[in-house]
Amino acid sequence: MMNTADLIEAIKRGRNPREMVPEYAANYRNTLQKIGATYDWDREINSSDPGYYKWTQWIFLLLYKKGLAYRATAPINWCPSCKTGLANEEVKEGRCWRCDSLVEKRPLPQWYFKITEYAERLLTDLADIDWSDGVKQMQREWIGRSEGAGVDFKVQGTGETITVYTTRPDTLWGATFMVLAPEHPLVDQITTASQRDAITQYVKKAQSTNDMDRMNAERTKTGEFTGAYAINPVNGENIPIWIADYVLTGYGTGAIMAVPAHDQRDFEFARKYGIDIRLVYRISEDQDSSRMVEAVPLGGKMEDFGTAEEFPFTGIENEKSSIAPIIDWLSNKGIATKKIQYKLRDWLISRQRYWGAPIPIIHCSKCGEVAVPDDQLPVTLPDVQNYQPSGTGESPLATIPEFVNTTCPQCGGAAKRETDTMGGFACSSWYFLRFADPNNADEFASQKSLNYWLPVDMYSGGVEHAVMHLLYARFWTKVMFDEGLVNFTEPFKTLRNQGSMLAWTPGRKPKHDADGGGEDSVVDWIVLKPEERADYPEDEIVWRWARMSKSKGNVVTPEDMCDRFGADSLRVYELFVAPFEDNVQWSEDGINGAYRFVSRIWRWCITAIPQYQPGWKQSLADSKLSDKDQKTRRKLHQSIRKIGTDLEDFKFNTAIASLMELVNEAYIYRPVEEQPDNAIVLSELLESIILLLAPFAPHVSDELWSRIGKAGSTYHTVWPTIDAAAATENEMVIILQVNGKLKDKLTVSTDTANDLIKELALANEKIIEAIEGKSVKNVIVVPKKLVNIVVA
RNA sequence: GCCCAGGUGGUGGAAUCGGCAGACACAAGGGACUUAAAAUCCCUCGCCUUUACAGGCAUGCGGGUUCAACUCCCGCCCUGGGCACCA
């Protein structure tokens, strides 16, 4: 795979990623083979291979031709350590998701994918897929749909109009000022002469404030008056226009109407600058806006803003459902227009890196931006010495004339290639399609193979990809569906999230200035990289559990564990130690237990094998079974059922626990040093146990499978069938309680009538003792479960 | 601040359409086997009182509903994750 971690590693070691990728791939392959992961290695793909990224570029051009890829200059998230731009989704708590450095804003020309155009479909289609609620919720919130209205305000004394976006147009009557983002395009025009200096200064300050601080909602609000006034369209009043950095440029129109009585942010701002607070909804007669301590977003009744004919809403409740009719009313009057907004931003795909698929665009001074024609794909990475990032915001490719200089495909004149590459998430947004037809040189995959293999039935990945890979892949799939290239709209029908391995990792407190830490910081811990650790004072190191990752240098390699305990033990341990989706604090305690369990099964099977009868199934019908035989078969068939359903539910830990119980039962049925009672039941048990073990410990299972004389792998055999009759219990345990407290247990046949159970309970010695001298108020019989005697 | 998930023995975890709390393991202690160790096998193992029999208390804390609450309701506390001035 073409990924940034590999590039960082290559830079660190002063090596060329081109050489390292095959080594890394071989390493992964060895590990996977060692632990017995079954992949079809004929389908292995490598996204850094031009044969692969040719198609990434091809899809880029598809998006480009559909107007879904564009270049724009905007302040982007810039990681000073990785020396490249980052997508919104790659910034976590103001930091680079990969290296934790504080991101900066830099205005740079960058390529974007118009994922926002698919916001609605990305949201609604979540309903049709079987994913965890957590991931769906994260995507929903990331897309951030809101319904509201755009309202036009005229600027007094100019011809200008400013449109604001609001989800609460019903509070227009309480708008006492307007706020523009400092970057709003009209700021300069509307600012009056007397306010110009102050405004210029404020804008400058806002630009230099880092994003981390600016986004901090706890910070006290600041702003500056422009000197201009807007006209409130519902009542013709003049309201002052301010600028403040609590209004964001990228969302809505970058301008808001401020209703301090009903919005907390506006309230704080109004209080600070002494602006009017006017109620639209009143909670009580004596509510006084000058004495309010906080805004009241919901609750109260609408004030009187006109006669019944002019204003039909007097007295309505301040609740969400009141908003829609007012939007309709306002839009009939031409004051507002219904509008839907999303928090989702376009996906920034440019990276200023050597190692990535080059963006297949040519810049021609005559023709402008020109797509590289399909027959000239792939645009390959040049083989170079210097692939380090420049840090100037320009890709290292820009310094290579042989790469940059080319001819325009349209006019044939001299032209320059785009030097940005695509982030790794471009390549991973479609790789699952390539697996269907990995070596196809003519298409990204043939229709026939796509129809056969896709969409993906079961996909497993970490939650950390919730709003990155998993969102991007859905987007690309929908674009390709619209082009008729695939016949499904969602790439992954079912998604299960596995937990991560956590390692006990050294770190440190953030330094105030350098890391953006300090009192109010959301970041309170930073990983000490292995190379930093050596000369860091021991008593200042703060240890924590952190996700294992190459970059943190805290990984435990599976190879080592395999060498010491065997692949089967490692697999059993990892599945048994915690539920699939839970994170696991890595420790070696317990892996020995897994080893012991695998050995225990092995020993039991080995001593049972001499008695094995391949034809047990036929003999079973004619043979008489002892109580002991029946009990064992009951446990066996209950286990087959339980393990089967647990596997389907991804409950591997309890599946293994059930198998352990079965093995314990097997030892009771036939301790290793004794002769068997019934070779037929023993044979069934043996064969079944081998098969039940196979998903967890395939190597041991296959070996045992061949030792009972079977050909081929257990993986080519069917799961044992449940004998429902054998699995049925013929006895049940009834709990006997007095006032809800356990007194005794009763074992009866499953067909015992409730009346009889009640009788038996009341005749029970322990019960008689417990209720002696008290009056029985009530006797509750829960069928097949318990009897509770209520006494006073 | 908001949203989501969770809080159960020394440890990992089981059990939630309300019905035996602690399955299955790990660790620990004791015993058997062994020249010894490893491996294996057996026993003990939530806390407190008690020689024992037995009893009491226990699923983050405080209330509530119920014959019965780890499970449902209300109010807190804590941990992890996500979002973070989105108007």
Side-chain angles (χ1 to χ4, degrees), chain A residues 92-94 132-142 144-146 148 164-169 171 175 179 181 214-219 221 244-259 262-266 268-269 297 341-345 463-464 466-467 502 522 545 572-573 576-579 581-585 587-594 596-597 599-600 603 651 653-664 667 671-673 733-745 777-791:
Chain A
K92 303 282 158 188
E93 296 182 327
S132 68
D133 293 336
V135 170
K136 283 190 184 185
Q137 195 53 29
M138 274 198 247
Q139 292 212 348
R140 264 184 219 115
E141 282 169 10
W142 191 259
R145 183 184 199 271
S146 80
V164 303
Y165 172 71
T166 175
T167 54
R168 296 299 304 270
T171 61
V179 189
R214 188 161 166 185
M215 303 277 268
N216 185 356
E218 311 294 304
R219 199 169 58 116
K221 303 205 166 13
D245 64 7
Y246 81 88
V247 173
L248 308 173
T249 324
Y251 183 79
T253 59
I256 61 157
M257 64 174 207
V259 185
H262 303 291
D263 182 284
Q264 185 58 23
R265 294 153 302 187
D266 300 342
E268 286 166 25
F269 193 84
Q341 277 292 331
Y342 303 91
K343 290 188 201 172
L344 185 70
R345 310 290 156 90
V463 273
E464 65 272 19
V467 293
L502 308 180
V522 283
W545 289 104
V572 166
Y573 171 67
F576 181 65
V577 70
E581 63 281 0
D582 283 12
N583 291 336
V584 172
Q585 301 180 344
S587 104
E588 285 186 22
D589 299 347
I591 187 163
N592 199 44
R596 222 151 40 203
F597 168 64
S599 313
R600 196 167 139 81
R603 276 196 309 274
K651 288 158 83 173
N653 58 331
T654 51
I656 289 173
S658 302
L659 183 58
M660 286 173 168
E661 284 186 50
L662 176 63
V663 172
N664 290 342
Y667 266 87
V672 285
E673 64 277 4
V733 175
I734 302 293
I735 304 307
L736 304 183
Q737 297 179 331
V738 173
N739 283 351
K741 298 212 168 170
L742 177 75
K743 292 296 167 193
D744 204 1
K745 295 174 189 181
K777 295 278 175 202
N778 197 3
V779 178
I780 291 150
V781 180
V782 182
K784 295 181 196 286
K785 288 239 170 80
L786 61 71
V787 179
N788 187 15
I789 298 158
V790 187
V791 295

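The analysis underlying the following values was restricted to heavy atoms, covering all of them including side chains, and did not include hydrogens, waters or symmetry mates. Numbers restart at 1 for each chain; the letters A, B, ... are given by sequence-line order, proteins then strands.
- When heavy atoms are screened at a 4.0 angstrom cut-off, A:Lys785 is found touching the sugar-phosphate backbone but no base atom.
- Comparing the same atom, C1', in B:U16 and in B:G22 gives a spacing of 15 Å after rounding to whole Å.
- One C1' atom belongs to B:A54, the other to B:U59, and the distance between them is 25 Å to the nearest Å.
- Residues meeting the side-chain hydrogen bond (donor to acceptor under 3.5 Å, both in side chains) test with A:Arg145, sequence neighbours left out: A:Glu120, A:Glu147.
- Not a single side-chain hydrogen bond (donor to acceptor under 3.5 Å, both in side chains) links A:Asp582 to another residue, sequence neighbours left out.
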Strictly under 3.5 Å: I want the nitrogen or oxygen pairs between protein and nucleotides 20-22 of chain B, one per line.
from: B:C20; atom 1: O2; to: A:Lys745; atom 2: NZ; distance (Å): 2.4

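- Nucleotides B:C26 and B:C43 have their P atoms positioned 14 Å apart, rounded to a whole Å.
- Look at the C1' atom in both B:A14 and B:A25: the space between them is 11 Å, to the nearest Å.
- Legend: residues meeting side chain to side chain contact (heavy atoms under 4.5 Å, CB included) with A:Ala594, ordered by chain and number and at least two apart, are A:Val572, A:Tyr573.
- When heavy atoms are screened at a 4.0 angstrom cut-off, A:Asn664 is found touching the sugar-phosphate backbone but no base atom.
- Taking atom P on both nucleotides, B:G63 is separated from B:C45 by 32 Å, rounded to a whole Å.
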Would you list the protein and nucleotides 3-11 of chain B atom pairs, both N or O, that sit under 3.5 Å from each other?
from: B:C3; atom 1: O2'; to: A:Glu141; atom 2: OE2; distance (Å): 3.4

At a cut-off of 3.5 Å, list every protein nitrogen or oxygen paired with a nitrogen or oxygen from nucleotides 13-15 of chain B, distance to 0.1 Å.
from: B:A14; atom 1: OP1; to: A:Asn653; atom 2: ND2; distance (Å): 3.1

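- Atom name C1', nucleotides B:G13 and B:G19: the rounded distance is 23 Å, in whole Å.
- To the nearest whole angstrom, the two C1' atoms, one in B:C73 and one in B:C2, are 23 Å apart.
- Residue A:Asp245 contributes atom CG, which lies 15 Å from atom C1' of B:A87 at whole-angstrom precision.
- In this view, A:Glu588 and A:Arg564 satisfy the salt bridge (Lys or Arg N to Asp or Glu O under 4.0 Å) rule, not counting sequence neighbours.
- Contact of the A:Phe269 side chain with the A:Asp263 side chain is not registered, since no non-hydrogen atoms from C-beta on lie closer than 4.5 Å.
- Looking at residues two or more places apart in sequence or on another chain, you find a salt bridge (Lys or Arg N to Asp or Glu O under 4.0 Å) between A:Glu661 and A:Lys635.
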List every contact pair, protein side and nucleotides 27-34 of chain B side both N or O, where the distance is under 3.5 Å.
from: B:A27; atom 1: OP2; to: A:Arg596; atom 2: NH2; distance (Å): 3.2

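- For B:A87, the OP1/OP2 oxygens have no side-chain nitrogen or oxygen of A:Tyr246 closer than 4.0 Å.
- Take A:Arg600 and apply the side-chain hydrogen bond (donor to acceptor under 3.5 Å, both in side chains) test, not counting sequence neighbours, and it matches A:Asn664.
- For the OP1/OP2 pair of B:C41 and a distance below 4.0 Å, the side-chain nitrogens and oxygens of A:Arg600 include at least one atom meeting the criterion.
- Look at CG on A:Leu662: it is 18 Å from P on B:A23, rounded to the nearest Å.
- Rounded to an integer number of Å, the gap from A:Arg145 CZ to B:A87 P is 12 Å.
- Among residues two or more places apart in sequence or in another chain, the salt bridge (Lys or Arg N to Asp or Glu O under 4.0 Å) test is passed with A:Asp266 by none.
- Consecutive Watson-Crick or G-U pairing (both distances under 3.5 Å) extending over three or more pairs maps onto RNA chain B as B:1-7 with B:77-83, B:10-12 with B:24-26, B:28-32 with B:40-44, B:46-49 with B:54-57, B:60-64 with B:72-76.
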